[in-house]
Amino acid sequence: MRAAATVARAVRRPWLRWLLARLGAAVLVAWVVATVVFFALRAAGGDPTEAILGGPGSQAGPEAVAAARAQYGLDQPLVVQYLVQLWRVLTFDLGDSYARRVPVSELLAEQLPGTMLLAVLALALAWVLALAVATLAVRATGPFGRACAAALRGAEVVAAVLPHFWLGAVLIVVFSSTLGWFPATSSGTDPVGLVLPTVTLAVPVAGFLGQVMRDSLEEAAAAPFATSARARGASPVRVLWRHTLRHGVLPAVSLSGWAFGSLLSGAVVVETLFGRPGLGRLLLDATMQRDVPVVVGAVVLVALAYVVVMLLVDVAERLLDPRLRGAVAVPGAPGGSAPAARAGEPAVLG
Amino acid sequence: MPHALRPARARTGAAIAAVAALALAACSSGGDASDDAATPQDGGTLVYATGDAEPTCLDPHVGGNYPQALISTQYLEPLVGRDADGTILPWLATEWSVSDDQLTWDFTLVDDVTFTDGTPFGAEAVKANVEHLQDPDTGSSTGYLAVQKVESVEVVDATHARFHLTEPDAALLESMSQQWTAMQSPAGIARGQQDNCAAPVGTGPFIVQEWVPQQQVTLVRNDEYVPHDPQAEHDGPAHLDEIVWRFIPDAATRYAALRSGEVQVIDNPQPDAIAAADAGGDITHVDAPRPGSSNRIELNSAQPPFDDVRVREAFVRAADPEPGIETLFAGTATRSYSPLSSVEPTAYGDEELFGTDVDRAEELLDEAGWTATDDEGYRTKDGQRLTVRFPVSTNQSVAAEQSLFEQIQANAKAVGFEVVLTPTDLSAWYAALGANEYEAVSAPYTKVGPDVLRILYHSDGTVPAPSGYFANHAQVRDPELDDLLDRAAATTDDAERADLYEQAQRIVLEGYFILPLYDQQNHFLTRGVTGVRTLDTVATPTFVDARLGS
């Protein structure tokens, strides 16, 4: 009774409720993702047993097929296989890869750092590019400046819709084959090799972030607090750094969580294109081979990484926006005020 | 070996990239010419970039596909070799003889070779290897089929092995020349599959040192190498210190890496890159068509509409692949009229049978009763549309081939065929074949020697393996053909064998079961290296004679 009361009291603490809600959401996401991936893969045709027996089109004899099915539980009804897979995910034992016959966790641990390095670098570069373009566009004055700003706006839209495989191929032809500045392939932490894959991943994301940043920077620049700052005689640079930038980046911070997710999915293409080892390529190969444990493990890992990043984004938003600091409770919960005013309504900030 | 994984290629990207390259090449001065061209030298590291899928196991006994054959050529050697004329040459076996009833084969083995773990090579090793291939736990597909008729291997003495067969097998030597039956150290095999997959132990010129998944396999020179490769040019260990075997799935990236000097050898180049190399410059082209079958479209004769030979001939007469082969492959692929690869001396082709004739196609379809036409312009019969389901494996069919199929689709439409092309990955593709959901399919098959005809066209090949796989996709069930193929497999008389195989190929061609297209394309581009050659067995490259420099 006492313990229950303690728990109940603790749960009343807003930050704990928030954390529990997030953890609950993470478990839910992992479950949904594992379920969808499991059944989608089995519905796509092809027999996972063949992954165990040397790949699709295997001509292995009846004994070998039966033995492999029994060893990996593939002779069980699909629902049982699903429950086993789910139990594995819940207990953090992801099982063995059908194709490679080593623990899935080992494969994931091998490939996660490389992909994370690439994604983090790309996100950082996207931020730098977006920030540079947005501040340039906002500060531009005069006919030439306005023309430049319009061109930058156009560039943002184009960048945002560039497919990775196309951009990467063009970068390879230009900077590797023709100019010879960077290698066409990449591996590990070799800084020179990382340049082209990072740029390929970063540019489309920078396009999105740049648009959002520019909009809110423009909005902030026109807001009363910015006008009053300028009236007090603050230089444009000071107005930007001290007053409007905070507004400008808030929506982009919110978007960064999404951006990170898109970077992880972009990694499938970019890693394959640049021959770079990583989670994306592992996932692609495993899908082709119907290596169910690897696919489920990799997708759940990526989903959880996404959840963690969203959590970090939440924290970052709160650090940047004082209005959100009291609002740690789950939206709608009594006592916690849902953040009514978000970025883009810079009435009280300045 | 029924399949070779190849990555899909980003067609559009490459095309636009090519335009961008032209534009840039126009502005830049001289481009990528580097000055590493020195006289050939000993030592150094050769980097090989493969576009074939990364093997899940480096031991080609397990499963048995082309990527495994490619890399294992560097560290495993077969019992026998083969020259371009199809003559079997001694390798780890110096001589052999067969009993009169053709059920006993005696092999004499070399006596001066040890595996790189110190285990001596000999009859015990041969026995262990055949047993490894036949063990269900190994999960061998290709090698398993190759030694299917071997009942047991008897160790006569250290250098004499005796194969006891359940029935005559004229293809035994060809089967034992393949990389999928190559010799491994028994002690290496005994370590268990996980260890052996990671680093198989052989007698070859290189040793597997390290495998970084998705990235590369590092192979170091075998300093104790005793060369018995019948076609090697020099005597002794390889010139190179090591080979780094990299996995780079994208063809454009591989080509860029070759041009920038990151790698010295690439496989599966795109046709435009091959044509550019043939036109001159510092890139050398090695053309090594795979043995076994040609690349051909097989027509499923087990169900309508292709159960009628007239409809099959109509499709073949209307398809007109010639112009597409010429343009899409940039002149790098030669039209085939045979079920067999042009490297097979027993290949028989008949150009007459495959001339394009649209009028004849229309006539044949009329005769076969496909006379009505629906509102979309397709022929119908009894309310059924003349539909050809054609699943395409994007792993096996390169971009040029997929475009060729689209042209054939358009050409066949002109006479009233509805060809439904469905691009899928390899797993779903095999599933579609296993479920008989196809009327046409392209499924090349690599095997040394004409015995591949037995696998592809004997009625036994219509019976699915437990995985659902069967090799006779045209579903030919012809007792006369079966008899010819059985007799060919049982005779060791070369002339008689060639005659039987010619008769068999005639039946396949005249029955319009297939539309031959070209050899299984197997090209390599090299730059900054000399002495690269391919084996005349499964057309894999060997680097025992290779030196860096040019």
Side-chain angles (χ1 to χ4, degrees), chain A residues 44-68 97 99-102 107 110-111 163 165-170 172-174 176-180 183-185 187-188 271-278 281-282 284-285 287-291, chain B residues 2-3 5 7 10 12-14 16-18 20-21 24-25 28 31-32 49 53-54 56-57 62-65 136-137 139-142 144-145 193-194 197 212-216 246-250 252-253 256-257 259-260 262 395 424-432 465-469:
Chain A
D47 184 353
T49 316
E50 299 190 2
I52 305 164
L53 296 169
S58 154
Q59 300 151 65
E63 308 91 342
V65 171
S97 157
R100 295 271 310 279
R101 300 171 197 216
V102 293
L107 290 178
E110 234 166 48
Q111 303 303 348
F165 73 88
W166 183 85
L167 181 60
V170 170
I172 286 173
V173 168
V174 174
S176 178
S177 296
T178 310
L179 297 171
T185 62
S187 58
E271 285 169 357
T272 304
L273 188 61
F274 290 95
R276 191 182 152 78
R281 238 173 113 189
L282 179 70
L284 185 68
D285 288 351
T287 307
M288 297 283 207
Q289 291 162 333
R290 307 290 188 267
D291 194 341
Chain B
H3 64 283
L5 296 165
T12 332
I16 299 171
L24 263 143
S28 78
D32 52 33
E54 179 173 3
T56 52
C57 173
V62 177
N65 61 19
D137 286 342
S140 174
S141 292
T142 313
Y144 174 82
L145 285 184
Q193 191 161 95
Q194 195 171 332
C197 277
V212 183
Q214 290 182 43
Q215 186 171 326
Q216 64 190 42
R246 295 197 55 183
F247 304 103
I248 303 179
D250 187 81
T253 307
R259 295 214 298 156
S260 67
E262 283 166 68
N395 295 76
T424 66
D425 71 10
L426 203 58
S427 296
W429 184 75
Y430 276 117
S467 68
Y469 177 81

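Here is how names work: the chains are called A, B, and so on, in the same order as the sequence lines, proteins then strands, and each is numbered from 1. All values below come from the heavy atoms of this structure, side chains included, with hydrogens, waters and symmetry mates left out.
By the 4.5 Å heavy-atom criterion applied to side chains, A:M288 and B:L426 are not counted as neighbours. Using a 4.5 Å cut-off on side-chain heavy atoms (C-beta onward), B:C197 and A:R101 make no contact.
Heavy atoms closer than 4.5 Å to chain B are found in the side chain of A:Q111, but not in its backbone. When heavy atoms are compared at a cutoff of 4.5 Å, B:Q216 does not approach chain A at all. Proximity to chain A is limited to the side chain of B:Q194, based on heavy atoms less than 4.5 angstrom apart.
Counting only N and O atoms by type, the side chains of A:Q289 and B:T56 include no donor and acceptor under 3.5 Å apart.
Of all non-hydrogen atoms in B:P213 and A:E110, the two that sit nearest each other are CG-OE1, 3.6 Å. Contact record, B:E262 with A:S176: OE2-OG, 4.0 Å, taken as the closest heavy-atom pair. Summarising the geometry of A:A184 relative to B:T253, their closest heavy-atom pair is O-CG2, 3.3 Å, with the distance given to 0.1 Å.
The side chain to side chain donor-acceptor pair (under 3.5 Å) search around A:D285 returns none, not counting sequence neighbours. Partners of A:R290 under the salt bridge (Lys or Arg N to Asp or Glu O under 4.0 Å) rule, at least two apart in sequence or in another chain, are B:D425.
Interface summary for chain B: among A:S97, A:G278, A:G168, the most heavy-atom pairs under 4.5 angstrom belong to A:G278. Options B:A257, B:A428, B:A431 differ in how many heavy-atom pairs under 4.5 Å they form with chain A, and the most are formed by B:A428.
Rounding to the nearest 0.5 Å places CD of B:Q215 at 8.5 Å from CZ of A:R281.
Each of A:T272, A:L107, A:L282 was scored for a side-chain contact (heavy atoms from CB on, under 4.5 Å) with B:Q214, with one residue passing: A:L282.
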